[in-house]
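Have a look at the structure below, then the notes.
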Amino acid sequence: MTATLTPPAADPAASVRAGAVPRRRTRLLALPEVRWAGAAAALFLLALPLQLAGAPAWIWGPLYTLSYVTGGWEPGWEGLKALKGRTLDVDLLMVVAALGAASIGQVMDGALLIVIFATSGALEALATARTADSVRGLLDLAPATATRITADGTEQTVPAGELAVGDTVLVRPGERVGADGRVLDGASEVDQASITGEPLPAAKEPGDEVFAGTLNGTGALRVRVERDASDSVIARIVRMVEEASETKAPTQLFIEKVEQRYSLGMVVATLAVFGVPLAFGEAFSEALLRAMTFMIVASPCAVVLATMPPLLSAIANAGRHGVLVKSAVAMERLGRIDAVALDKTGTLTEGTPRVVEVRPLRERGLDEVELLTLAAAAERPSEHPLARAVVDAASERGLDPPATEGFMSAPGIGVRAVVGGLTVQVGAPARLLAEAEPEAEVEVEVAAKCAADAGGDAGGVVAALVRELEESGRTAVLVVVDGTPAGVLGIADRLRPDAAATVAALTVLTGTAPTLLTGDNPRAAARLAAEAGVEDVRAGLLPQDKVGAVRELEGAGRRVMVVGDGVNDAPALAAAHIGVAMGRAGSDLALETADAVIVRDELAAVPATVALSRRARELVVQNLVIAGVFIAGLVVWDLAGTLPLPLGVAGHEGSTVLVGLNGLRLLRDAAWKRAAAEGTG
């Protein structure tokens, strides 16, 4: 399949330096399947009202003919090529059935068959192309060029793909890291949410590992390359998504086997219905009419519609309520899950750091409002996510931080500013306390002891506060005023309001409590899991670890639904039985890889959609029974007696309408309300 990609940006390197990730997307009309299906549908819609209005056949007849040609030539040609390889394709059978219907005057029925199958092929081609676009676009996370430092200290701009293990590269503030490696010199914060899913930038200093495609903060880093570009974490994610997608092929192979058997059975039966009576002396026209009637009444239209209307109605209903389910297959699979794996950041949580605790030190004489006001004033010029959390917290409380002077930012340490004549520092407790004693270790306890030895027990109090906050899963931020610790802020990613109810609902639906899969640290993960009611917690996971966890569950015979939002979740989304992405902050790759997207970012919509899928599957079973009874009855009538063609068509179309209307019941808002109620147990 040929996919036409949108042209790249004029300066990809510049867009990467600016923090933007180039987006590739196949244009809709670039796919020939879409163009042919659109033409066939348009011609059919032109011909149908003319025929129903009683217009002469020479007006609507050519339109139907063109609809047959535009929608049927490609599957027909592919079917003929498959037939040459001794494989009977069901699409070829449908084209033959459509032509057979036309040969006995049922031109509209045949054209409708053609349009249905052409549209299905176009949707499949589009989904395949868009998924391929998203996987290839992931590689754009890594910059096109990197600054390599030679042995004599000079700088060279080289393609990132040419970097070799052992090379040293310079990563300037605001640039993306060009290769997986380890920091040799410098200090900065690196936003690596695309790899680990952590909501906050990670402090990096000599000895720390960095990943290609992650975004550097305000400091400069010298990095030694430790992996080739083809073996970087980003490249491995791409490979895992592709490999996991291919693991769904056995299901497709099973469907093809069913198609083969059905196709062969239809051909043999139709030939027998035509040949046997003819051999016993029946007139040629009567034998042909009986065979064509058999082909019409035995046509799988009712069976196809028995499956699709409930699923498509469920898709449409879910879409009205903020859930995009990408295909009928995905909707059907949602109802089969019996295990759930949830990401933490951006899925169970809001994905935005917030100040959740303000702990002033009594010795300094400041209350919570004064401490937060000074901290917000000092942090206001900073662009760090933690600084924005402090400023937002002050704004939510209606505080008006005063103007600052002499603002300075030190990567990995924090900020310093003069606020109302007071020198205010806000940053990492270990580093700010260690400034009181250059020989001190960076650990909080050791730094606190040094500060206490130098001037009292304030350091010990700070150490206790920091330890208490960190053990509860918070990120501790120290506020120092005129060289004296004044208080500690606790910052955390807040649990979604509907997280606990969603976990409980999924537990009821699947019979098993969900599993939490996260790249965050174990303490923060355990705290959030306890609040949400999750017991099985797996923290500190890289993308390949999440895939391993999913495959472990599937190895135990479970059908796993993974709910996530980041690039790091994409391999697990692809490997799972069904993948669901949170839409508001979800990465492009996660949104494209997932089978369903929660557009409105309401976590409670997940169990409601699962319940709606199960209701759709119940209607599918009902429709299959109805379709089977009608088809069997009409076929027996045609074979055992004389079934008039108009009555056969009426029975066939009647069963089709009946199963279609039964499936459309899921379009009502009442169906979603019922599913939402079932989803809450």
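With a 6.0 Å radius and a threshold of 12 heavy atoms from other residues, nucleotides or ligands, Trp73 has its CH2 atom above the threshold.
Here CH2 of Trp60 is found 11.5 Å from CZ of Phe44. Values are rounded to the nearest 0.5 Å. Taking CG from Asn623 and CG from Asn662, the interatomic distance works out to 4.5 Å, rounded to the nearest 0.5 Å. Distance check: Leu658 CG to Phe630 CZ gives 5.5 Å after rounding to the nearest 0.5 Å. From Leu31, atom CG reaches atom CH2 of Trp36 across 14.0 Å, with rounding to the nearest 0.5 Å.
Leu48 approaches Tyr64 most closely through the heavy-atom pair CA-OH, 3.4 Å. Closest non-hydrogen pair, Leu50 versus Ile59, comes out as CD1-CG2, 3.8 Å. Of all heavy-atom pairs between Ala314 and Ala616, the closest is CB-CB, 4.1 Å. In this structure, Val560 and Val550 approach most closely via the heavy-atom pair CG2-O, 4.2 Å. Between Arg615 and Arg665 the shortest heavy-atom distance is NH2-NH2, 2.9 Å. The nearest pair of heavy atoms linking Leu334 to Ile337 is O-CG1, 3.3 Å.
Counting heavy atoms from C-beta outward, Leu666 and Trp672 have side chains that stay 4.5 Å or more apart. Contact of the Ile598 side chain with the Val606 side chain is registered, since non-hydrogen atoms from C-beta on lie closer than 4.5 Å. Proximity of Val625 to Gln622: side-chain heavy atoms (C-beta onward) are nowhere separated by under 4.5 Å. Here the side chains of Met561 and Leu506 are in contact, with some heavy-atom distance below 4.5 Å. You'll find the side chain of Leu603 reaches within 4.5 Å of the side chain of Met582, heavy atoms only.
Classification of Arg614 and Glu618 as a salt-bridged pair fails, no side-chain N sitting under 4.0 Å from a carboxylate O. Salt-bridge check for Asp595 with Arg333: failed, with every basic side-chain N at 4.0 Å or more from each acidic carboxylate O.
In this structure a side-chain-to-backbone donor-acceptor pair under 3.5 Å is missing from Arg558 to Leu553.
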